[in-house]
Amino acid sequence: MWPRWLSRRSEPEPASAPVPVARAETARAEALVRRLEWTVLRRLDGLLQGDHRTLMRGAGLDLADLREYQLHDDVRHIDWNVTARLQQPHVRVFTEDREMAAWFLMDLSPSVDFGSGTRRKSEVALSFVTVLGRLIGRHGNRVGAVLFGAGGPGGVDAVVPARGGRSHLLQIVQKVLTAVASPARDAAGGTQLAELLRVAGHVVRQRSTVFVVSDFISEPGWEAGLGALARRHDVVAVRLFDPLEIELPDAGLLPVRDAETGEQLWIDTSDRGFRQRFARIAAQREAQLRESLARCGVDTLELSTDDDLADAFTRFLDLRRQRSRRRPAPVPSAEGATA
């Protein structure tokens, strides 16, 4: 797959004893969280105030109202008594609990190591998860993670149960840093995103907000798993990309390497026809990916390696507010109907 050719990997770190490595990763995790708290969280303070119900949807048991059935509604919420009386499908609307659980499904395959600038896709992904985890956790909610693609058994590197607190978020960050530094990533092979979604379907049992953080450079067949996950949970696809994966500059003859298979070749970026073909194929893939995500019924946040993280979160908040405004208003004619 063409985007993997544009991979830039760092040299493997020297091997050392397990305990010093664990301590080093813990220190790195603490330093990363502290830095993001000062550089990003302080800029975002107040943006989520009062938006708990609209930005992050929880689950509940108290019936609040009834409304007409809409596309992507859960069919299990159809009220058949009201549907029969009004001759139009209606669903029950429940009062949402304040407490929610958020899960991060993180693709750590070698293709996310690419970055044409100062940051790689994996670094952007970890920063995004760290900041969002802190924002969610400050409301007393729980966060969990499924890490995938770094050469773990069965493709799964770690499953971190959903819990609250800053120390728990530090544990997630530490596990991500450990997985990214693992030498087993070089032998991980092609990404099977469908397997990550299958595992998540078994792990995430309670209705949650699920963030699929990936560049979606994967073997085909993941759409069915994502659609099934979206029918049970509130899913946001956080799509990672680098500008160089969209358009190549005129940089002459360059060696490129497939990060996941190790195959190498030379490309002539001074060839205008080659750059145009590359851009055309990239645009086709972009359109196909966006269409696939839309068919799955998920919200999509595109996150570039040259994005300002605070601006990216502003886009995310706008995305959630737009989704909230698209929710249909309660149906007055169903008032007083037997539930």
Side-chain angles (χ1 to χ4, degrees), residues 3 6-8 10 28-52 54-56 102 104-109 111-139 143 145 166 169-170 172-173 176-177 180 209-217 235-249 251 279 282-283 285-286 289-290 293 298-325:
L6 301 175
S7 177
R8 184 184 65 186
S10 59
R28 287 181 61 195
E30 177 67 40
L32 174 64
V33 173
R34 188 182 302 111
R35 175 173 61 82
L36 291 173
E37 285 175 339
W38 279 97
T39 59
V40 180
L41 277 171
R42 287 173 64 89
R43 293 171 60 187
L44 293 174
D45 271 341
L47 286 182
L48 282 181
Q49 298 301 319
D51 284 335
H52 187 283
T54 57
L55 298 179
M56 301 294 179
F104 299 108
L105 311 184
M106 297 193 66
D107 172 11
L108 302 178
S109 59
S111 64
V112 301
D113 269 346
F114 177 65
S116 60
T118 58
R119 295 188 301 171
R120 302 179 183 185
K121 290 185 285 186
S122 57
E123 296 171 359
V124 174
L126 182 55
S127 296
F128 176 84
V129 168
T130 302
V131 172
L132 190 55
R134 283 290 288 142
L135 286 173
I136 294 173
R138 291 200 303 190
H139 289 285
V143 295
R166 187 176 186 275
L169 179 64
L170 280 171
I172 294 176
V173 174
V176 172
L177 292 171
V180 168
T209 300
V210 178
F211 298 90
V212 183
V213 186
S214 172
D215 56 9
F216 291 91
I217 299 175
V235 178
V236 179
V238 183
R239 186 268 178 123
L240 309 168
F241 73 98
D242 185 272
L244 207 58
E245 295 173 338
I246 311 299
E247 186 175 1
L248 287 175
R285 180 183 181 272
E286 291 288 301
L289 178 58
R290 287 169 182 156
L293 293 172
V298 303
D299 287 339
T300 302
L301 174 66
E302 296 190 340
L303 205 56
S304 172
T305 54
D306 61 1
D307 266 336
D308 179 272
L309 199 55
D311 292 342
F313 270 97
T314 302
R315 295 201 310 272
F316 170 69
L317 298 179
D318 291 340
L319 178 73
R320 303 306 282 174
R321 292 189 181 103
Q322 290 171 11
R323 162 62 76 89
S324 299
R325 286 196 292 267

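Along the sequence shown, the residues carry numbers beginning at 1.
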| said: If I take atom CZ from residue Phe313 and atom CG from residue Leu132, how far apart are they, to the nearest 0.5 angstrom? | reply: 5.0 Å
| request: Using side-chain contact (heavy atoms from CB on, under 4.5 Å) as the criterion, point out the one residue from Val176, Val212, Val129, Thr209 that pairs with Phe104. | output: Val129
| said: Just verifying a value: how many Å separate Asp107 CG and Ile217 CD1, rounded to the nearest 0.5 Å? | reply: 9.0 Å
| said: What's the separation between atom CZ in Phe128 and atom CG in Leu240, rounded to the nearest 0.5 Å? | reply: 9.0 Å
| Quick one: CZ on Arg119 to CG on Leu309, what's the gap to the nearest 0.5 Å? | 6.5 Å
| request: Inspect the contact between Arg285 and Glu245 and indicate whether a charged nitrogen and a carboxylate oxygen are less than 4.0 angstrom apart. | output: no
| message | Can you tell whether the side chains of Arg290 and Glu302 come within less than 4.0 Å, N to carboxylate O? | response | yes
| Leu303 versus Arg315: any side-chain heavy-atom pair under 4.5 Å? | yes
| message | If you apply the rule side-chain contact (heavy atoms from CB on, under 4.5 Å), what do you find for Phe211 with Ile136, and how did you get there? | response | CA-CA 12 Å; Phe211 298 90; Ile136 294 173; 4.2 Å; yes
| message | Measuring only between side-chain heavy atoms, which start at C-beta, is Leu177 closer than 4.5 Å to Leu126? | response | yes
| Closest contact, heavy atoms only, Ala237 versus Phe216 | CB-CZ, 3.9 Å
| remark: Here the gap from Asp311 atom CG to Ser304 atom OG, rounded to the nearest 0.5 Å, amounts to 12.0 Å
| note | Here the pair of heavy atoms bringing Arg120 nearest to Asp113 is CD-O, 2.8 Å
| query | Only one of Asp215, Asp242, Asp307 forms a salt bridge (Lys or Arg N to Asp or Glu O under 4.0 Å) with Lys121, so which one is it? | reply | Asp215
